[in-house]
Each structure stands twice: as structure tokens, then as C-alpha cells.
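Working notes, structure below.
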There are 2 protein chains.
Amino acid sequence: MAKAPTVEDVARAAGVSRQTVSNVLNSPAIVRGATRERVERAIAELGYRPHAAARRLRTRRSSTIGVRLDPYRGGISGVVLDRFVHALTERSSERGMRVLLYAARTPAEEIERLSDLVDGGEIDAVVLTNTFYADTRTSWLQARNVPFVSFGRPWRAADDDDEPPHPWVDVDGAAGTRAATKYLLAHAGPRIALLGWPEGSGTGDDRARGWHEAMSAAGASGPRWSTEDSLALARDLVGAELAADPTIDAIVCVADSLAIGAHLAATALGRPELPVVGFDNTPAAEALGISSVEQLPEQVAAGVLDLLMGPTGGVVLRRDPAEDEAHVLVEPRLVVR
Amino acid sequence: MAKAPTVEDVARAAGVSRQTVSNVLNSPAIVRGATRERVERAIAELGYRPHAAARRLRTRRSSTIGVRLDPYRGGISGVVLDRFVHALTERSSERGMRVLLYAARTPAEEIERLSDLVDGGEIDAVVLTNTFYADTRTSWLQARNVPFVSFGRPWRAADDDDEPPHPWVDVDGAAGTRAATKYLLAHAGPRIALLGWPEGSGTGDDRARGWHEAMSAAGASGPRWSTEDSLALARDLVGAELAADPTIDAIVCVADSLAIGAHLAATALGRPELPVVGFDNTPAAEALGISSVEQLPEQVAAGVLDLLMGPTGGVVLRRDPAEDEAHVLVEPRLVVR
DNA sequence: TAGCATAATTTGATCGTTCAAACTTTGCCA
DNA sequence: TGGCAAAGTTTGAACGATCAAATTATGCTA
């Protein structure tokens with residue numbers, strides 16, 4: 001296998017200097033048309049590709065985004081994150097970026113990993129998933145001035161000054177359940193129940209709010225049930241409630257796991273056609289023919305890159321971290337089945 | 001933010017030369033104990049971390065493994081791959097390796113991506129998933145002498161000389177269904193059906209074989225049904241077959257999607273307790289309380305790294321590609337619910 | 001066509017590490 | 001204690017790209 005050609009080889013072949021070859025690659029606009037074509041021909045003939053490590057060393061940029069792969073927890077909704085990572089990878093490569101994975105079991109271990117990756121110049125930016133209240137990772141990243149965006153809002157009290165803001169992208173959960181509720185009001189009937197998680201989770205409360213708003217706006221009302229995120233618990237709960245109150249016309253759920261439980265309960269009670277809407281549009285819901293709110297991970301990925309790199313650039317931007325409340329809120333889409 | 005320290009800084013602080021610092025990091029055995037400790041102290045005090053790009057440039061190794069993220073196809077079984085990628089990331093970092101993702105929609109596009117990554121020195125090795133018959137990617141990688149391992153056997157005719165062998169890791173599907181069948185023979189009864197895919201898929205036939213072997217060995221018999229990989233089709237098929245032949249004691253399925261369909265059909269016929277075993281142990285099966293054969297992606301990941309790097313090394317090995325039939329066959333585990 | 005501003009191109013230095021070879025110290029034996 | 005091999009350490013060069021500054025070519029105006 002012959003040695004890979006370098007800029008030097010291309011330059012010689014095209015009768016120009018190293019730097020001109022570099023310019024053709026990085027700022028073609030400043031090279032004269034005729035010269036550029038000659039260089040491009042030489043590049044193609046030699047099959048030249050820039051050596052990433054050399055470029056990184058000189059520019060001090062790795063053009064790489066670090067993403068933590070969360071430990072597999074089981075459960076149905078992991079798919080959303082996987083689709084997000086996939087979309088991020090695709091869109092990153094369009095922008096000349098790469099996605100590097102890392103694994104960590106605890107926040108402390110994650111910070112250790114990030115130290116290695118950041119100090120070693122392996123990544124220019126980080127995408128955090130599953131952020132939580134008083135997250136040590138966000139403050140660490142801000143202190144180190146590492147560009148990052150989180151997938152998920154910082155759910156914090158309005159009067160909380162301890163947690164400085166940071167850029168984030170999230171899906172508008174309330175909009176999703178609002179759309180689901182409106183659809184059911186129009187097609188199923190006025191008695192629509194909400195099946196949610198116990199109050200206190202930012203995401204769950206947000207999704208519940210969408211149902212509540214849509215119901216109020218329509219002058220309708222329905223019960224609000226809650227349970228932990230478990231198909232079996234949801235099945236039992238909905239079974240009991242439906243048996244006690246057969247007037248329910250439809251159920252909006254804050255997660256597909258709950259929706260599947262609700263659907264099975266309804267089926268067991270002889271009402272397999274009872275409309276149920278879930279959240280996340282997981283393969284399981286799809287396979288069972290249950291409607292669901294789709295998170296559109298592709299748009300989340302696009303939003304993340306916009307925040308990190310601006311609407312068009314190919315380089316990670318370094319902004320003033322102190323006052324960055326930039327964010328993107330993606331409108332989810334109702335998938336009716 | 002102060003400039004990151006370099007080997008030079010560490011060397012000065014410890015009163016030794018650059019190279020000695022480098023040796024402490026890369027071959028500590030050849031450095032005298034006292035010197036080593038002094039250098040290690042300096043490293044810790046300065047918080048030094050080697051700059052990955054400089055190292056890569058000099059050593060011409062990226063210590064990075066490329067993994068393609070397959071396009072999201074929907075369907076229930078994607079989880080296995082995701083768990084595999086996660087396990088690979090964890091184990092790689094234990095060996096000083098990183099995992100870089102790339103996306104591609106077609107084999108041709110994938111080869112284009114790989115060209116960039118390999119020629120650019122971004123990856124030292126590749127893990128292929130979803131290999132298929134006459135896969136252009138494997139021959140391309142072999143021609144370029146790029147180390148790689150596939151997750152999944154090359155299912156080829158025994159007399160096929162066109163396809164040179166390559167290292168692979170796979171799960172022993174037959175062993176999985178064999179275990180499931182034996183378990184059901186012992187706990188449910190002798191009439192065990194197999195629900196498989198149409199003949200011709202390597203994976204599906206392999207799994208069906210396990211059932212067949214276990215049944216023959218026990219002198220038992222049962223029908224073999226096939227359908228495409230669809231929950232709804234499986235439900236309809238099993239519903240009809242069970243109604244026609246109520247003597248069935250249990251069903252072994254080659255995928256969780258089919259198992260869920262079978263379970264729902266049984267439930268609808270008033271036999272919710274009919275034992276059904278799936279394959280892949282997906283969250284959906286878990287949530288529904290369906291037994292399943294677990295692929296153990298962690299062991300697959302370990303096998304992949306062993307093949308790429310040997311049982312202990314920290315460097316990707318470059319073997320003779322012409323005669324490499326090395327492989328690892330992982331024994332899956334039956335999860336009873 | 002001379003003069004000059006601007007565009008286009010080239011040259012030398014540099015990023016941080018490891019390799020290869022030269023050099024110095026250590027420890028052992030006669 | 002001198003000699004010498006082995007162990008330990010240092011030095012100069014190189015990996016392949018881009019930056020910054022210097023140089024040369026081009027085109028326009030008077």
C-alpha cells in the first residue's frame with residue numbers, strides 16, 4: 001500500500017505551493033479559478049485526503065462532538081435518544097463534524113471522561129442528555145468554558161439564581177399533548193382522561209399541562225390519573241378506572257409505556273377501539289397500532305447544531321457562557337393510527 | 001484559561017527530558033522507579049494530559065474504532081444494536097480506544113464515508129453491522145487492508161469461494177431457541193410450535209434449527225409456522241392456528257415482535273397464560289412479561305475487541321487478511337418471565 | 001505606460017508528541 | 001578498581017497540516 005499523499009505531493013503535482021493547496025481546501029474563494037481547478041484535478045488524481053490529526057494539531061480544533069451513551073436502562077423509551085444520536089451523526093457529517101461516543105455510569109465518572117476528552121483535544125463540544133436539577137456536569141462545563149448544549153430543558157424554579165442558564169433544545173411536550181387532546185376532542189368525545197406520572201417531574205408536568213389547556217379551552221373535563229412509568233401499573237390502574245367510569249371517551253398518556261398499558265386494559269374490558277394516544281412514538285406503540293406523539297429527533301439534532309455552530313458555519317462557536325439562554329423548542333407531531 | 005501543559009512543561013518540572021516523560025506514559029517499565037515517581041508527581045501537579053492529535057500524528061494511530069449507526073428502521077429489535085454500541089463504547093475506553101460514529105444510507109455511501117475516515121487517519125478499525133451476502137464493504141475493507149470485524153456471520157453457501165472469510169462475532173441463535181425449547185418441553189408440554197420467518201434468512205433459519213433439534217432430541221413434534229416480521233401478521237396467523245389446533249402447549253418465536261403478536265392472539269383466545277418465548281429480549285417483551293432469549297451484547301462487544309486487539313493489547317492488530325477465519329460465537333441466555 | 005492598491009501566491013515557523021540513535025549512568029565481575 | 005554490557009536518559013528530527021508575514025502578479029487609473 002503506497003504512502004498516502006500529502007499537501008506537498010499535491011502541490012508538486014499541480015505546480016503550486018503547499019499553502020495554495022491548503023487554501024483550495026479551506027478558503028477556495030481566495031484562489032484564482034484556473035489555479036483552483038488545477039489543484040482540484042491534482043487532488044482527485046492522487047486521491048489526496050487531508051490527515052485529520054495534522055490538521056487538528058495545527059488548528060487546535062478536533063471538529064468532534066462528544067456524546068454520552070447512557071447506560072441501557074431497559075424500558076421502552078430509549079429509542080428516542082438513539083434516534084437523536086443517529087440524526088446528530090448525520091447532520092454533523094454534513095457540517096464537517098464527527099460524533100465521538102463516551103460511556104459513564106455516574107456524573108463523577110462522566111466528568112472524568114470529559115476531562116480526558118477535552119484536555120486531550122479530542123472534542124470541541126459536548127451534547128448532554130438527561131440533565132437533572134443541580135447538574136454538576138453543566139457547571140463543570142461552564143467553568144471550563146467548553147461549548148455544550150443539552151437535549152432537555154433545565155427544569156428549575158423560576159426564582160433560582162444558583163443555576164446559571166445554558167443553551168438547550170427540547171421538545172414542546174405541552175404542544176404535543178395539546179394536539180393529541182384537540183384531535184381526540186374532535187374525533188372521540190369530550191370525556192378525555194390524562195394518564196400521567198406523579199407530579200414533580202418537569203417533563204411529565206409539562207405534558208400534562210397541554211392536556212389541561214386543551215380541555216379548558218374546549219370547556220371539557222376529564223379525570224387525571226397518575227402512576228409510575230410501568231406498563232403493568234398502568235394496565236391495572238386504567239382497568240380499575242375504566243370499569244368504574246365507562247363514560248371515558250379517550251385517554252391521553254404522557255408515555256408510550258403507559259399508553260400500551262391503557263390499551264391492553266381497554267382491550268381486556270372489551271373496548272379495544274378506545275382511542276389512546278401515547279408519547280414518543282416508539283416501535284412498540286407502532287407495532288400495536290397505538291397513536292402517539294412523535295418527538296422528531298431530527299429537528300432536535302438540527303437545533304443542537306444550530307446552537308453550537310450557528311445556522312450555517314462549520315466551526316463550533318465559543319460564546320459568552322455567562323448570559324446564554326439560547327434555546328430551541330421543537331414542535332412535536334401527532335401520529336394517528 | 002491557562003494554556004494546557006505539554007510534555008515539555010512536565011519535563012521541566014520533573015527535571016527530566018521530554019522523552020522520559022513520554023516513556024513514563026507509554027512504557028513505564030523502562031523508566032527507573034525514582035524517576036518515574038517524580039514524573040508522575042509532576043504530571044499530577046500540572047494536570048497534564050497528552051494531546052491526542054499530536055500523538056496520532058506522530059504514531060499514525062488514532063486509537064479509534066468506526067461504527068456505523070444504521071438508519072432507524074422502526075421495528076422493535078433495534079435495541080440489540082444500541083446495546084451493542086453501548087457495550088462496545090464502554091469496553092473500548094477500558095482499552096484506551098474511542099468509538100466514532102458515522103452514518104450512511106447505502107453501502108456505496110458507507111464506503112465513501114469509510115474512505116474519508118480511513119485515509120484521514122481518523123479510525124484504525126471498523127465494526128460492521130448488518131452484513132449481507134456479497135457485501136461490497138467487506139471486500140473493500142480487505143482490499144484496503146483495514147482491520148475490521150463484523151457483528152453477524154457471513155451467511156454464505158459452504159462451497160462459495162468468491163467470498164473470502166473475515167473475522168466475525170455472532171450470537172448462537174440455534175443455542176438460544178434450543179434452550180427455550182428445552183425449557184418449554186420441561187415446563188409446558190410436548191406440543192411446541194415454532195413461529196419463524198420465511199425460509200432463506202440465515203439468522204431465521206439458524207434459530208429455527210435450534211427448535212427443531214431440541215424437539216427431535218426429545219422425540220416431540222409441533223407445527224412450524226412462518227410469517228414476515230410483523231406483529232399484526234403474527235397475531236392473525238397464530239390466532240387462526242391456535243383456534244384450529246388447541247393442543248399447542250407453547251410457542252417459540254424467532255423474534256420478539258412475533259412473540260408479542262402470538263401472545264396477544266393467545267390472550268384474545270382466552271389463553272393469556274400460554275407460554276411464548278421471543279428473541280432479543282427487547283423492552284417491549286419485558287414490559288409485556290414475555291420470556292425471551294437475550295443476546296448478551298456485552299459479550300459480543302468483548303468478542304469484537306478481542307478479535308481486533310487480541311486478548312489484552314491496547315493496539316489494533318494488523319493480521320494477514322487472506323486467511324482470517326477467526327470468530328467468536330456467543331451463547332445467548334434465556335430470560336424466563 | 002507608470003504608479004499603486006489589491007489580489008494571489010509563497011516561505012518559514014509552529015502545533016505536541018514519539019521515533020531513532022546517541023549518549024550517560026549503573027552494576028557486575030575479574 | 002578497571003572494564004564492559006545493560007539499563008537509563010537525552011537529543012535532534014519528523015509526522016502533515018495551517019498561520020502569519022513576506023513576496024509576486026494583476027488590474028485599474030491617470
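Below, chains carry the letters A, B, ... as their sequence lines are ordered, and counting in each starts from 1. As the structure is a computational prediction, the values presented were derived from the model and not from experiment. Below, each value reflects all heavy atoms present in this structure, side chains not excepted, and no hydrogens, waters or symmetry copies.
Side-chain atoms of A:Arg318 come within 3.5 Å of backbone atoms of A:Asn145 as a donor-acceptor pair (strictly under, hydrogens ignored). Judged by distance alone, with hydrogens and angles left aside, the side-chain atoms of A:Arg153 form no donor-acceptor pair with the main-chain N or O of A:Asp170 at under 3.5 Å. When atom types are taken as modelled, the side chain of A:His166 and the backbone of A:Phe148 share no donor-acceptor pair closer than 3.5 angstrom. Judged purely by atom type and a 3.5 angstrom limit, A:Gln142 uses its side chain to pair as donor or acceptor with the backbone of A:Pro165. Not a single donor-acceptor pair under 3.5 Å links the side chain of A:Arg137 to the backbone N or O of A:Ile111.
With rounding to the nearest 0.5 Å, the separation of CE in B:Met309 from CZ in B:Arg95 is 5.0 Å.
With rounding to whole Å, A:Gln19 atom CD is found 10 Å from C:dT10 atom P. If you measure from atom CD of B:Glu8 to atom P of C:dG16, you get 10 Å, rounded to the nearest angstrom. The CZ-P distance, from B:Arg12 to C:dT17, rounds to 12 Å in whole Å. As rounded to whole Å, 11 Å separates atom P of C:dA7 from atom CD1 of A:Ile30. Across the protein-nucleic acid pair, A:Asp119 atom CG and C:dT17 atom C1' stand 16 Å apart, rounded to whole Å.
A donor-acceptor contact under 3.5 Å is not formed by the side chain of B:Arg58 with the base of C:dT17.
Nearest-nucleotide assignment on DNA chain D puts the 5′-proximal partner with A:Thr6, out of A:Arg32 and A:Thr6.
Looking at heavy-atom distances under 4.0 Å, B:Thr59 makes contact with sugar-phosphate atoms alone, never a base. Residue A:Arg18 is classed as a base contact, given a heavy-atom separation below 4.0 Å to a base.
Ring pair B:Phe84/B:Phe151 is tilted by interplanar angle, where 30° to 60° counts as tilted.
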| message | I'd like to know whether B:Tyr102 forms a side chain to side chain contact (heavy atoms under 4.5 Å, CB included) with B:Asp116, so could you lay out the CA-CA distance, the side-chain angles of the two residues, the decisive distance to 0.1 Å, and finally the verdict. | response | CA-CA 11 Å; B:Tyr102 63 95; B:Asp116 289 344; over 6 Å; no
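Near DNA chain D, defined here as any heavy-atom distance below 4.0 Å, the residues from residues 21-29 of chain A are A:Ser22, A:Asn26, listed numerically.
In this structure, A:Asp119 pairs ionically with A:Arg144, as a charged nitrogen and a carboxylate oxygen lie closer than 4.0 Å.
Think of the region where chain A sits on DNA chain D: with heavy atoms and a 4.0 Å cut, that region ends 5' and 3' at D:dG16 to D:dT26.
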